[in-house]
Number of protein chains: 2
Amino acid sequence: MATIDDVAKAAGVSKGTVSSVFSKKRPISKQVTERVLNVAKDMGYFPNHVARSLAIKKTMIVGLKMPISKSSNLSGFEIQMINGVTKECSQQGYRVLLDTLPEHDDPTQFSMDPVDGVIMLNPRKQDPRIERFKQMGIPLVLVGRPDPEDETVSFVDNDNRQVGFMVGDYLLKQGHSSILFLNSAADMTVAVDRESGLAEAFQAHGALWQQNHVLNYSRKLHKSPVEYGYMAMMEAYKQLKYTAVIADTDRVALGVLRAARELGIEVPADLSVIALSNDATLAQEVTPRLTSVELEVETLGSEAARILLEMMGNPDVVCNRIVEGKLVFRDSCQINSTMNEMGE
Amino acid sequence: MATIDDVAKAAGVSKGTVSSVFSKKRPISKQVTERVLNVAKDMGYFPNHVARSLAIKKTMIVGLKMPISKSSNLSGFEIQMINGVTKECSQQGYRVLLDTLPEHDDPTQFSMDPVDGVIMLNPRKQDPRIERFKQMGIPLVLVGRPDPEDETVSFVDNDNRQVGFMVGDYLLKQGHSSILFLNSAADMTVAVDRESGLAEAFQAHGALWQQNHVLNYSRKLHKSPVEYGYMAMMEAYKQLKYTAVIADTDRVALGVLRAARELGIEVPADLSVIALSNDATLAQEVTPRLTSVELEVETLGSEAARILLEMMGNPDVVCNRIVEGKLVFRDSCQINSTMNEMGE
DNA sequence: AGCAATCATTAAAGCGGTTTAATGATTCGG
DNA sequence: CCGAATCATTAAACCGCTTTAATGATTGCT
């Protein structure tokens, strides 16, 4: 590869001039510009992004940190997230670095990544990475609330207690009392928040809240979200003839629907199914179409990106955005008495 | 941010020593190591990835070039691709840079990106980028065949003529003659190849091949793949009572199914639907479950990554991999006479 | 003790750009 | 025609790390 020096020499100018020709930061006379460009073309010269980044301390890259287990695929959530983040970033001329590498615990392995800012998915409790990014002076936006609370860190999140409360309230109003909740993995804040919201709904209705009606997804036990929905439903239904089930995602709901089919349970006649959705298309096109809570994960993603880009221009702003879930009535829940169907 | 110099000074050693402590490329005595590490921790020092990359000419990042229209989302294909590429790369310690930025035509804007290799989706005809990567000496793997043919460039692709032929052959054997093909965008090589494969199948069966039974997706006309399937089916069925339709993707097939429902057409009794699938879950969980051609896009992605990583270690190897499509029989095609259901 | 061999550490030269202060060349008004 | 102002260009320092060749400090051997 030809370097800027080679081009400068061949064109009979200094590297500073060549630099200016390419970066356009300083005006260069038409003749010189042309000469340099021609030489560069002939030599097959392209400015080196890394060297440039080092000099200007900017990469025009946003990091998206999401742990990914070796074997399994990106979840619907992650995909929606990538979607939202990428869309916003590319509009502003930024690219996205998918950082799926597992964290090393060797402190010599931490490095200041080639990114101007970071969006971090699923922060863990007391996540040490948060502190590290602060030290590095790299703008950070979390997706999911920081735990413990931290006023100094930006984040976007669903209002997961509201989500839990809303579906609980809705189902209880429909007269359901034995409700199965196929929750996500137990150690996630979303799981905790949604469950507590649901419990609150029971309380508000003066209904008995029983924790054993909540199941948790586990990577070890369940091969895939669909399998989780299927297996959990098959098992749980043996114990108790639930009349409603809340599924953590559309795909979990698909598993439930399959189980229901096999068990000869009519949806929604005998069983109402409601999905905490992250894939609108899927929810809409399944039969029966899934009544669901629209989580707007993509909005979450683009908001995270927007906030991050904002922070990058204007350091030490902190900002967070809570996105409410919206109930979308479709065909997988039985509609009783009081409620009106509201369509999509 | 503290730099390596600061740490060296504070620890009373040279930068070379600090460098070795972090990179572990040269043994450093236990005492010195410890002292340096402590100082580094106190000062909040983290090695700068960009500077490091510049020095060692390696970024441990793989670029994934995929044009993305400003407004629209990642397609199922792209998602599967990201999945496959990411999985393979992260296993080998590489990260993935999503390069969704539209190409500039200003030659001063081309830069040698901070990547060790590139996977490029949907290369266009005579794609000038291919030549550019060669000049830069950056290993490149295409997803989709190069057009015109080029012996010097690695690529992975489905055998799209085979795919077209296979579904055509299958449907014709089932006795269908009026077959609608909802193909992808006309300017893509996949569209061309699949159509020609299909035409070949007609020829092989001595059936009349009519090009007007092929429709093409267009970003301008169709809001989404689902809409494409829906609209195209609604329109086309007015002209002719097709007995089979080949949908470009699962999502297109969903649109077709919806149209069929609205038109009162029974699937598969009155209409066989077959999807050139890129989302196995979706195909399996829809009612009726979609008979489809499994394209194994994810395999394509991880193969592309594998080849690329290989090339990065061992320059000037060229390699390509053609992945055959497999027919997966489910419930959306009517089974006639001769064929046996093979299940999944 | 004396000399070679071994080992940890260092100084300095890259990597390929950007940027600042200085230098020439040109223009311009008086 | 001269000095000031304007403009394009350059030389050199810098960004933060790696690496090579050189330097001391130890060790081993006779």
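Order of the sequence lines fixes the chain letters, A, B, ..., with proteins taken first and strands second; residue numbering starts at 1 for each chain.
- A perpendicular orientation is assigned to the rings of Tyr45(B) and Phe22(B), their planes being inclined by more than 60° (bins at 30° and 60°).
- Not counting sequence neighbours, Ser154(A) has no partner by the side chain to side chain donor-acceptor pair (under 3.5 Å) test.
- Summary of helix geometry: the two end axes of the helix from dA1(C)-dT30(D) to dG30(C)-dC1(D), each defined by five base pairs via their C1' atoms, are inclined to each other by 50° (rounded to 10°).
- When the P atom of dG16(C) is taken as reference, atom CG of Asp113(B) falls 16 Å away, rounded to whole Å.
- Checking side-chain atoms of Asp6(A) against main-chain N and O of Thr3(A) turns up a donor-acceptor pair under 3.5 Å.
- The only option from Glu131(B), Gln126(B), Arg132(B) that meets the side chain to side chain contact (heavy atoms under 4.5 Å, CB included) definition with Pro128(B) turns out to be Arg132(B).
- A donor-acceptor pair under 3.5 Å is formed between the side chain of Asn158(A) and the backbone N or O of Leu295(A).
- Distance alone, capped at 3.5 Å, is enough to place a donor-acceptor pair between the Asp157(B) side chain and the Arg145(B) backbone.
- Under 4.0 Å is where a charged nitrogen must lie from a carboxylate oxygen, and between Arg124(B) and Asp147(B) no such pair does.
- Between Ile130(A) and Met120(A) there is a side-chain heavy-atom pair separated by less than 4.5 Å.
- Both Val32(B) and Lys57(B) sit near DNA chain C, but only Val32(B) has its closest nucleotide nearer the 5' end.
- A side chain to side chain contact (heavy atoms under 4.5 Å, CB included) with Ile28(B) is found for one member of Val18(B), Val36(B), Thr33(B) and no other, namely Thr33(B).
- Taking a 4.0 Å limit (strictly below) on heavy-atom distances, residues 45-53 of chain A reaches DNA chain C at Tyr45(A), Phe46(A), Pro47(A), Asn48(A), Ala51(A), Arg52(A).
- Residues from residues 10-20 of chain B placing a heavy atom under 4.0 Å of any atom in DNA chain C, listed by number, are Gly12(B), Val13(B), Ser14(B), Thr17(B).
- For the pair Arg26(B) CZ and dT6(C) P, the computed distance is 18 Å after rounding to whole Å.
- Asp187(A) and Lys125(A) are not joined by a salt bridge, as no carboxylate oxygen comes within less than 4.0 angstrom of a charged side-chain nitrogen.
- Between Phe110(B) atom CZ and dG17(C) atom C1' the separation is 20 Å, expressed in whole Å.
- In this structure, the side chain of Asp106(B) engages the main chain of Thr108(B) through a donor-acceptor pair within 3.5 Å.
- Residues passing the side chain to side chain donor-acceptor pair (under 3.5 Å) test with Lys41(A): none are found, sequence neighbours excluded.
- Contact annotation for Leu54(A): base contact, defined as any heavy-atom pair under 4.0 Å involving a base atom.
- In this structure, Ile4(A) places its CD1 atom 12 Å from C1' of dT19(C), rounding to the nearest Å.
- Read 5' to 3', the first and last nucleotides of DNA chain D with an atom closer than 4.0 Å to a heavy atom of chain B are dG16(D) to dT20(D).
- By the 6.0 Å contact criterion, NZ on Lys9(B) is open, its count of non-hydrogen atoms from other residues, nucleotides or ligands being 12 or less.
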